[in-house]
Structures are given as C-alpha cells and as structure tokens.
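Remarks on the structure that follows.
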Amino acid sequence: MGILNGPRRLEDLFANTDAFPTESLSVQTKTERSVYKLFKAVRDEKSLNTIKLNRESHIEYISDGLKGLSKYLVVLDASKPWLCYWMLHSLDLLDYELSTGLIKRAISTISKLQNPTGGFCGGPGQISHVAVTYAAVNALATSGIKEAYDLIDRENLYKWFLKLKRDDGSFIMHEGGEVDVRGAYCVLSVATLTNLITPELTAGTAEWIKRCQNYDGGIGGVPGIEGHGGYAFCGLAAMEIMGKTDLLDIPLLLRWASSLQMQMEGGFQGRPNKLVDGCYSFWVGALFPLLEAILTKRQYEKDVANSEDTQCIYRPLFDREALQEYILIACQSPKGGLIDKPGRGADHYHTCYCLSGLSTSQHHVIYDFERAKGEDLDSGARSLLWEEEITNRVVVGDPDNLVMIEHFYGKREL
Amino acid sequence: HGRRRVKPSAEVEKLRKEKEATKIKEYNDLVASCFEKRDKNEFDNDAFTITTKILSQNPDFYTIWNFRRSILLYGILKECSEKDKQQTLSTELGFLQELFQLNPKSYWIFNHRRWCLEEIPNPDWNMELKLIGKFLEMDARNFHAWDYRRYVTFQLSSTTKTSLTQTEFDFTTTKINQNFSNYSAWHQRSKLMPRLIKEQNLDEQEKKTLVNKEFELVKAAFYTDPDDQSAWLYHWWLVGREIQHISLLGAYYNPKMRQVVLAFDDEIGMVIPFQVTKKIDDNSPSSYIEGMWRPAGGELKHDQLNIDRSYGFVWIFTFFDSVKDDFTELIVTVKPEFIVPSHSEVKLTRTMQRHCIINDNYNLENESSSSLSQSQDTLPIDTSERIKLLQREISMVRELLELEPDTNLLRELKYISGTNMEENSKIDDEVVTICDHLIKIDKLRTKRFEDLRSKAIFESATKSLVKLVSKELAYNDDTLQYQDSTFSLESKNLTIIPTPSILLYITKLNLSNNKLTSIQFLANLINLKEIDVSNNCITSISGVNRLRNLRYLKIQNNYIKNWEEVKNGFIGWQGVECNIYISENPLIENTNEIESLKIGWENEIKECSDQLKIIWK
C-alpha cells in the first residue's frame, strides 16, 4: 500500500493534533511534520518512482569509517566487533564486493579479540561479552570463508556460555554483568552458527523467555518489564532457534508488532507512544517474516491433517512499501549513511539496521516446510530452509534500490 | 542537532585533527596502563583513579567496571572498617550519579549501582527511590529506570517490611496525569493493580470503587485523544483479561466403530497424543489403550507420525485391532502440554479427565476437581461485576462512536464477543448492533467486524445446546446422541461458524442465506444427515467426504466456479447414498454444452462412489 500511494491523503495522517497536547503528542507531531515535509516534496513532484537509494554515498560513508573513526565514538571502544559487523553487513547488503584485503583485515582484527577462556571481547585486553561475541561471529560468518570459522575456539566458547547461564534459564551478558533477553538470543544465535546447541545449553531458556511476554503481546528485556521492539526480536528469534515458538502467544505478538508501524511515517516505533526510529525497521520489521512462517506452519499442519493441498503462505503482514518510503525518503543522510529520523546524524548502527530493514521489506522470505517435513532438523539446518519468494519482491522507487537479501549463504573464494 | 555548520577551513580542520589525535592517544595510554595494573593484580588507589578517568569518558567499558569492582573488593575495601566501607561506597554512588547525567540508559552504570548497594553496609533505599524518581522526571519512558525502580521498591519494602504497592500505584497515577501517553506507567499499573487488591484485602464494594476510578482515569485519556495507543492498551487489559478455558464438551465411545469421540470448544492442535485408559472392573488398575488419533476431518495416514501435530474441534481415536472390548470404563486424559490452542484468548489451564459415555451409560462428571485458577496478572473481580462493567463500557463505546466514528474499537469488541457467560445474550445483541454500525463506517475492517458479529450471533443461538459448569462448557443434554435433531440459523449474514463442535449431535443443519465462504467446518460434524448451505458465498465443497451419514447436501446458489471444486470434495467417499444439490452455481451457467457436460460430471461423481448423485434442479 505505502503512504504516498495509500488510500488516505497525506494530510489526513497526522496524529490527533486537536487533542490535549501531552509531551508525547507534541514530540510525535514534531516528528510527523519533519517526515511530512519530505514526503510532501516527493508527492508534489510526483517523483516517488525515481526515489533513489544513494548506494555510492553510503558505501563511501562506510569506507571512511573503515579508515578510522572520530573521537566521538570512544564509547564504542568496547564494541569493535560490532563496528566490524555493522560495516561488513551494510556493505554486503549494498552488494559491494568485499575485497580480499578487507576480509583478511576483519578476520585478523576479530581473531585478536578472542579470549582463551572462550568468547570474544570488545577490544584488546577486555573480557568476553555475549553481544560482542554475537557481532564477532556474525562478522566472521559474513566473510564467508572457512578460515574464519576455523579460528573460533568452540570448545571454550561452549564452556563460557554455560558459565553465563543462570538456574532460571536466562543468560548474563558477561561475567558480573546484567541479565536480559539479548543474552539468550546472542548465545543461541552464536551457538547455532557454531553448531553448539545442546539440551544442556537451552534447558529452561524458553520458559524464561515466555515469562518476558506481556499481556499486550510485547516482549520485554526481563519478566515484568514493558515490551520493546529490540527485545521482542531477540525473544522471538531465540524461541525460533529452540523450536519453541508455541510457548509464546503468537497472535498477540503479531497484533502488538503491527501496531508499531506508524501511520504517517511508515517506519516503526519501538514501543507504544514512542517515536519512529530507523533501526526498528529491522528489529520490528524482521519479526514479521518469523511470525508469517510460524502462522504458515500452523496453517500447513492444519491442511495436512485435513489432507488438503496446502497453498497458504501468509502474505507479508506489514506495509512493506510504507517502510521503504520511510527509509528511502526520511532516513538517508545527504552525507552518506542512514539515520534514526530526520534531523539526526548517521551512524554505523543505524546504517546497518535501516539497510537490514530495507532488505526485509523488499524481499519476502519464506520457510520451506516441504523440505523440513518429517525430519528432525537442528536450528542450523532449519536456518538454511529459508528462501526468497522471488515473485514477491517489492521495490519502492528506482528498481536499482533493491539491496541483497538478509540471508546470504554464498561462499566467498579468496 | 539541526544546527547548520559552516565548513571549517583547512587549517582549522588540521588543528582539530591534531587535537583529536592527542585525545585518542591519552585515552589509549590510560587503557593500556589500566590493563597493565589489572594483569599485575594491582588493586590500589592509583588503579582506581585510572578507572575513574576511563569510565568518565566511556561508561560502556564493561571490562573496566569489572576491574573496578575487583579493586574495591580486593584492595580498597579489604580489611577496612564498616564505617570506611560505608564512606567509600557512598562516594562511589555519587560518582555513578554523575555518570548517569551523561548516560541515563547505560546497562553498566545500573549494574554497578546494584552491586554497590548490595555491598554497602547501610544502603539508603529511600534515597535511591528519590533518585530514580528524578530520572523518570527527565525521561518518563526510560525502561532501565522503571526496571531499577522495581528493584529499589522491592529492596525497600523487604528491609522495612512494609508494602509500597499503594505508593507505587500513586506514583504511576502522577506520571499518567503528567502525560497519559506514558505507556511505561500504564504497564507498571497493570502489574500493581492486582497486587494492590490482594494485599489490601479489599471487599467487593471497595474493589468496585477502585475499578470504577480506574475506568474513569483511562476514559479521561481517550476522550482527550481517542487515537492514543497507551490508554487503549491499558483499557484492553482492564476489561479483557478473563481467561477463556478450553472446554471438553463431551467424550463418547462408539462400540460399533470402536472409536472414542472428543469434542472441544476450540480448534486445538495435538502436540502429544491424548491418553485413553480402560478399567476392566472396579478393582483392577487402569491400562493404556493403543490406537490412533485424528481430527474428525483428517485422514488416518501412515506418514502422519511425521507431522508434529494437526488441528480440529472434534477428535477421533480409533482402537487398534488388538484391543479387546473387555472394559467397563474408558477414561480420556488431556493435559495442557498435549495441546496448542487456536488463538491467544483461550487456554487450557489444567488437566482434563473424562469418563467416556458408553452407549446409555451417562457420566459427565469431571474427575479432576482442581479449581480453575485465575492468572496472576488479571484483575480479580467476579463475573457478575464484569458483566456490569462490560455493559457500561459498551455504552461508552457507543458514546465514543458518535464523537469519533473511526476510533479503533476492536479491542473492546473482541473481548466482549469472546465472553462465555450465561447472561451474555444481551451483550451479544449489543455486539451485533455495534458491529452493524462499524461495518458501515469502517470499511477497512469490515471483514473482521463481520466475523465478530457472526460469532456473537452463533453463540447466542447455540446457548441452549450447551451449559456452563464452573466456567467450562459442556453439552446440555447428552441424550441428543443418535436422535434426530435440527439446528437452523438462516438469513443472519454469518461469515464464519466459530465453534462448530457445539453442533456435534445435530443431524439436520440449515445455514442457508448467509455469507459463508467455506464449509470446511462441516468435517467436525460427523453425525450430519442433511445440510442446507444454499445461498451463501461458498467456492468449493470441502469437509464432507468423511460424513458417513450424509444424505442431502444442498449447496445451490453459491460461488462454485469449477467442477473440480465439487468433485474433490467427495474423494474417498465412504458414506451412504447422498444427493447433492448444486444448481445456480456459476459452473452451470453460460454454456451451450451444459447438458453433455452434466452427463460427464455425473459419470465422474459415480467413479468416486456410486452412492453419490448430483441433482441439477
């Protein structure tokens, strides 16, 4: 549907501005106006079809980052693998051919951040951290070469994971660190990529994550806390890895996630009555392929039971065009890189997750149940059964805006 | 943000870069010396000062936080007096407070603060509460702060042995009054409300007052802004949390077919096979019976073992040939972990155990007597109160409808139509009226409102067939078994049949003149002899091929376009002689060669079974 080609006039999409001006409403209105201005310009010039993803300038922005970062990024000193992952993944999505030199440099940087006691750390001399390990292993996976996989000390990685696990099934982020659902997701994602999923590792985790889901369907960081887009992705993805999505209330989660797409902006907010933010294009946007697959699977099982031919594939359950409009029109920094919302500066985090969200909304990925049928597949094997429904691509603006699919299984040759 | 910057000259740029390089070097040197100290286990004041410097620049540096804790534990605080310990850690808390100003959303600062408070001899939880109050003044949606607040109030109330539920509840009120779009506060309220009622041991009247006040508050919010997300979400929690328990409507044994039939009021999925046990006499122990489960409409296939589960309202268990008919009692057990409900508003909360009714031996007692538990996070009010409350909310919805025709009222209606109460017929009528109205004004959601409306009409019409026993539904009259009984619901604009299993013992069913698009639900109704679904919007025949007693299927004037849609519905027919009325469907229109086609089709249907006969008129 989209916003600019949608059934309602742009001017009718503002939040209820004659309502009582709470703080939330006034910042919401301000954001809407800034997005409206950009949308209106495109509409008045009838130039939606020529809206471009500024591929070159984004690549340049990332390449500059690879050379060295400014001092303002000192807080990321404990997150080097994150920078690696965000940059490599962004370049990958932009279909930029990663040079041998770049891949070797990334692998060499990350290899130095592996601790002998298992896991990866944010910078030389630091202790291992689950989120950083997630970024490191995903960056290694992005490189697509065997050498990268071989450098991972799986034995100690596994031992370290077990040290982080608590009796209630949750994981702490690092020794002496905090607990939340990111821990579970990062551990399980890495364990899948390195083939380390065991009953010992996952015992009790699904039950703990279930406790993080609230009455409204959202998933919070820990039990009792309000739902949040980022945690919801971590929670659902972790459940999918464990094959335990049935423990969650899926229709309720779907309803919550759908309500986070903004009517004027087209992008997603992370929580009810919060502002749109480009990074939720992925964290919330990527909930949908998972939810669609879970619902399709349920329908599939019903149809098989009723011995009917199954053709039902859940269609994308969010407005893919609207999300692309937000990313392309409102989230591209003129200086290169992508942003949270108009008026903000670019950073590598938002660049990565805006592009990931763009990919999620352009490609429709589906899970191949026929091939999974009857086999007891582990999470790694199952992750390979996602494929694109090529006939169901949607690209807003210039056809060249198509970025690569989120799941890339190609093998790189060096 | 948003400020325009003049492009700096090359010289200024060079200076800036040099300055930046110095800063980076300074920082790197600090980190290097810090790690050196750590590697040498030097937990001294020097090391402590270095960590302070680093953390002031980069509070996300988790490794340094860990080292700092080691310095405190194994250096500075080691062998020092309680008084000094108190002093040192108080200073540490002050340091953290400064850092908070820079970064109010840092996991690490909160984490370290909790550690300090657990180490400090006399933690001042009241001060913490004040501090976190300030935080929520700066950003009322900071979820780190909300989480920390729960931690602090827990600690404070356990040290002082007094409940803080009321003060915390009042705190959320303040926050909501400042900004009713603060969903964090509403969410917190939903956690506090049930606790408040429980702790203060409120009587019915007091509860009622409290709940009413709550509705006033939330109502005020959406009267000011009917599009506000937060208030509606909370309102939904407030009205809509009665759990619907999945009911086992009945359990029967059919000796002729050697089958057990179970009917649920939800289309459940089977994850683990239900257990069937038999008793030979009163004194013998029960033993498991071997057999195969399938949903009423499903096939018994060998590869079914490979599918995780299947779905249905009505389930049939066929004994293996080896099982002897030597029993006096048959018991079926369904545990919560055996099933997956069809959607989120229903749950199976306890184990259900049923004696199967064998022939004339009626026994519909519930074996398991465990009471139905209410979920902890729901509002503890009783059913009659809830009905009153709903009626009031409906009138509010009506009021709002007049004010704001496109307000999202779905949440309301979904709950209301989802209730299963004896006095619900009035509510059903209201739902139908409101849906009728909404169908007209909210075109984007027409289909959902039509389904809701159908649900209300169906539930109201089938009320006499079921009874409510301690919040669970059961068939009202089991003597319906094997007798001719008729059910008719014509000309109601029904789009779905929400709970077909309620009609399990119906033999003549008339659903003509509705807007049904599918008849797949018929698969559950294994006793049907006559069906009239003429004048609907059905596009294909399905769900009937296993109805062994079906004699008439009237499906005239529907949307069946292709012959395949008729024929495929009868593949594997095992039933009696059956007449199929399919006139006035598009497949017979607009063809000159219709007569010769008809002859071909008649032959084809005979190939399925010579019991089947197409009636063209």
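Order of the sequence lines fixes the chain letters, A, B, ..., with proteins taken first and strands second; residue numbering starts at 1 for each chain.
- Among residues at least two apart or in separate chains, salt bridge (charged side-chain N to carboxylate O under 4.0 Å, His left out) pairs with a member in residues 214-228 of chain A are A:Glu226-A:Arg271, A:Glu226-B:Arg141.
- Of all heavy-atom pairs between B:Tyr107 and A:Asp180, the closest is CE2-OD2, 3.3 Å.
- Heavy atoms of A:Gln269 lying under 4.5 Å from chain B belong exclusively to its side chain.
- Nearest heavy atom pair, residue B:Ser181 against residue A:Thr22, reads OG-OG1, 3.6 Å.
- The CG atom of A:Leu25 sits 7.5 Å away from atom CZ of B:Phe180, with the distance rounded to the nearest 0.5 Å.
- Heavy atoms from other residues, nucleotides or ligands lying under 6.0 Å from NZ of A:Lys163 number more than 12.
- Here the side chains of B:Arg150 and A:Ile225 are in contact, with some heavy-atom distance below 4.5 Å.
- Of the atoms belonging to A:Val132, it is side-chain heavy atoms, and not backbone ones, that fall under 4.5 Å from chain B.
- In this structure, CD1 on B:Ile339 lies 11.0 Å from CG on A:Asp246, to the nearest 0.5 angstrom.
- Distance check, rounded to the nearest 0.5 Å: CG of B:Asn179 to OG of A:Ser26 gives 8.5 Å.
- Scored by the side chain to side chain donor-acceptor pair (under 3.5 Å) test, B:Trp146 finds no partners at all (sequence neighbours excluded).
- Here CH2 of B:Trp108 is found 7.0 Å from NE2 of A:His174. Values are rounded to the nearest 0.5 Å.
- Residues A:Glu178 and B:Asp147 have side chains not in contact (no heavy-atom distance under 4.5 Å, counting atoms from C-beta outward).
- Looking at A:Pro342, there are no atoms closer than 4.5 Å to chain B (heavy atoms on both sides), in backbone or side chain.
- Of the residues B:Trp186, B:Trp232, B:Tyr234, B:Tyr183, the one that meets the side-chain contact (heavy atoms from CB on, under 4.5 Å) test with A:Pro272 is B:Tyr183.
- Here NZ of A:Lys274 is found 12.5 Å from CD of B:Gln229. Values are rounded to the nearest 0.5 Å.
- Both the backbone and the side chain of A:His129 come within contact range of chain B, each with at least one heavy atom under 4.5 Å from a heavy atom of that chain.
- In this structure, B:Gln178 places its CD atom where more than 12 heavy-atom neighbours from other residues, nucleotides or ligands lie under 6.0 Å away.
- Closest non-hydrogen pair, B:Ser190 versus A:Tyr215, comes out as OG-CE2, 3.4 Å.
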